[in-house]
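Only one structure is covered here, and it is reproduced in the block below.
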Amino acid sequence: MEQPTNILSVINEQYNSFSRTQRQIADYILQHPDTVCFYTLKQLAAESHTTESTVLNFSHQIGYSGYADMRNDLQNHIVQWMSPNEKIKTSISLDKDSDDICSTVIDSELKAIEHTYSHISRKDLNDALELLFQAKRVYVYASDYASAASNLFAQRFRRLGMDVTNIGGQDIPALLYYMAQMGSDDLLIFFSYLPYIQLPIDLARHLHSKQDVKILCFSDKLTTAGAQFADVVLTSVTKNPIFFNSYTAPISLINLLACMYISARKDQFSRFNEKLLKLQEIVTQANPQNEHYII
């Protein structure tokens, strides 16, 4: 069943057609959307002074297959305008003790990984690897919260011998200098999660359409603006009951891709590692008193 794109607008549009009890539910959702999006079916029924079956029927009435679908869509809508700190404040204000919160978060993190891998195909992963193998130069780009994932990607693959440049966090002139040098042999790995930021999306779209740069997009949905123009998209679940985003699943996906990458390039990695160890030996001999890091 196709779901509404803006749940609050749909409720307002259909309000006059609701029964008296349905209006009680509608009123409560419209007045408290930032808390209802975290309620269970039982909680919403109690707070709106209706029954669980009435709430379930209400969700069907406005176009959802069930209560969980309606709540998820409400969460997605709220996330678009709620600041990260507001989400934390709202989440911790609910009547839950530390054990409940702990259980909720653990369950959420496990489900995020489970749902991520249940919806991603081996073909998607192989297509992503093929882009990595064919690229002359690899650039990694993200902003805001997504930088947590992009930084890990750059560090992880650099240690595997990939010539990867992380252009996230650059000032605008430096960023544009990097991008102006990109061409059809290059790959931009673009991370785009909520909150979606327009400038990185516009720049990545331009690189793809005007400079023929290949795009591998990590995102939370196939329908996001950044995913629409990418050559390959790898999606992962990023919902978290407390914080704005969880990067457990994206990081797991990066680790999986890195393992597949090194498995397919064992000989190349061996040669790279030999060079690295010889260089490390020179540094150690030249500076025996200095602290040396394991590479």
Side-chain angles (χ1 to χ4, degrees), residues 3 7-8 28-29 32-48 52 55-56 59 64-120 142-153 155-156 191-197 218-224 226-227 233-259:
Q3 296 182 353
I7 180 174
L8 300 184
Y28 195 86
I29 293 175
H32 310 281
D34 54 339
T35 54
V36 172
C37 66
F38 300 106
Y39 280 179
T40 63
L41 175 62
K42 183 177 181 179
Q43 285 175 313
L44 180 54
E47 293 297 330
S48 61
E52 292 180 34
V55 173
L56 188 59
S59 67
Y64 293 91
S65 61
Y67 177 73
D69 288 337
M70 182 183 75
R71 183 181 61 184
N72 287 341
D73 202 47
L74 182 59
Q75 287 178 353
N76 290 335
H77 178 73
I78 294 302
V79 161
Q80 295 288 349
W81 58 264
M82 183 186 289
S83 72
N85 282 351
E86 281 300 315
K87 182 179 180 185
I88 296 172
K89 178 182 176 182
T90 300
S91 301
I92 64 176
S93 68
L94 300 176
D95 292 331
K96 290 186 177 182
D97 58 31
S98 59
D99 289 338
D100 287 338
I101 292 175
C102 183
S103 298
T104 298
V105 172
I106 290 174
D107 184 60
S108 175
E109 297 290 270
L110 290 173
K111 285 183 177 179
I113 294 178
E114 179 184 353
H115 291 169
T116 293
Y117 288 123
S118 67
H119 288 88
I120 199 165
S143 59
D144 210 335
Y145 294 94
S147 297
S150 66
N151 291 341
L152 174 70
F153 186 99
Q155 292 178 1
R156 181 74 81 215
F191 292 80
S192 181
Y193 303 103
L194 280 171
Y196 309 116
I197 300 175
F218 284 78
S219 191
D220 45 8
K221 293 181 182 178
L222 289 171
T223 56
T224 61
V233 183
L234 297 179
T235 60
S236 50
V237 177
T238 59
K239 289 183 180 178
N240 184 276
I242 302 295
F243 297 106
F244 202 70
N245 268 327
S246 165
Y247 284 96
T248 299
I251 287 173
S252 177
L253 190 56
I254 291 170
N255 286 335
L256 172 61
L257 196 63
C259 290

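The structure presented is a predicted model; accordingly, all values stated were derived computationally and were not measured.
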| said: Set out, in order, the CA-CA distance, both residues' side-chain angles and the distance that settles side chain to side chain contact (heavy atoms under 4.5 Å, CB included) for Tyr39 and Val55, then state yes or no. | reply: CA-CA 12 Å; Tyr39 280 179; Val55 173; over 6 Å; no
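Separating the OG atom in Ser59 from the CD1 atom in Ile7 is a distance of 9.0 Å, to the nearest 0.5 Å. Taking CD of Glu109 as the reference point, atom CD of Glu114 lies at 13.5 Å (rounded to 0.5 Å). Between the OG1 atom of Thr238 and the OH atom of Tyr193 there is a distance of 7.5 Å, given to the nearest 0.5 Å. One distance of note links CG of Leu56 with CG of Leu44; it measures 11.0 Å at 0.5 Å rounding. A distance of 5.5 Å separates OG in Ser236 from CG in Leu253, rounded to the nearest 0.5 Å. Rounding to the nearest 0.5 Å gives a distance of 4.5 Å between CD1 of Ile120 and CG of Leu234.
Under the rule for a salt bridge (Lys or Arg N to Asp or Glu O under 4.0 Å), the partners of Lys111 that lie at least two apart in sequence or sit in another chain are Asp107. Under the rule for a ring pair (Phe, Tyr, Trp, His ring centres under 6.0 Å), Tyr67 has no partner lying at least two apart in sequence or in another chain. Every residue meeting the side-chain hydrogen bond (donor to acceptor under 3.5 Å, both in side chains) condition with Ser252, not counting sequence neighbours, appears here in chain and number order: Tyr117.
Formation of a donor-acceptor pair under 3.5 Å by the His32 side chain with backbone atoms of Tyr28 is not found in this model. In this structure, Ser192 contributes its side chain and Ser219 its backbone to no donor-acceptor pair below 3.5 Å.
For the pair Ala227 and Val233, the tightest heavy-atom approach, listed with the atom from each and the gap, is O-CG2, 3.5 Å. For the pair Lys221 and Asn76, the tightest heavy-atom approach, listed with the atom from each and the gap, is NZ-ND2, 3.5 Å. Closest of all the heavy-atom pairs between Leu41 and Glu52 is CD1-O, 3.7 Å. In terms of heavy atoms, Ala258 sits closest to Arg156 at CB-CG, 3.6 Å.
Using bins of under 30°, 30° to 60° and over 60° for the plane-to-plane angle, the ring pair Phe191/Phe153 lands in the perpendicular bin.
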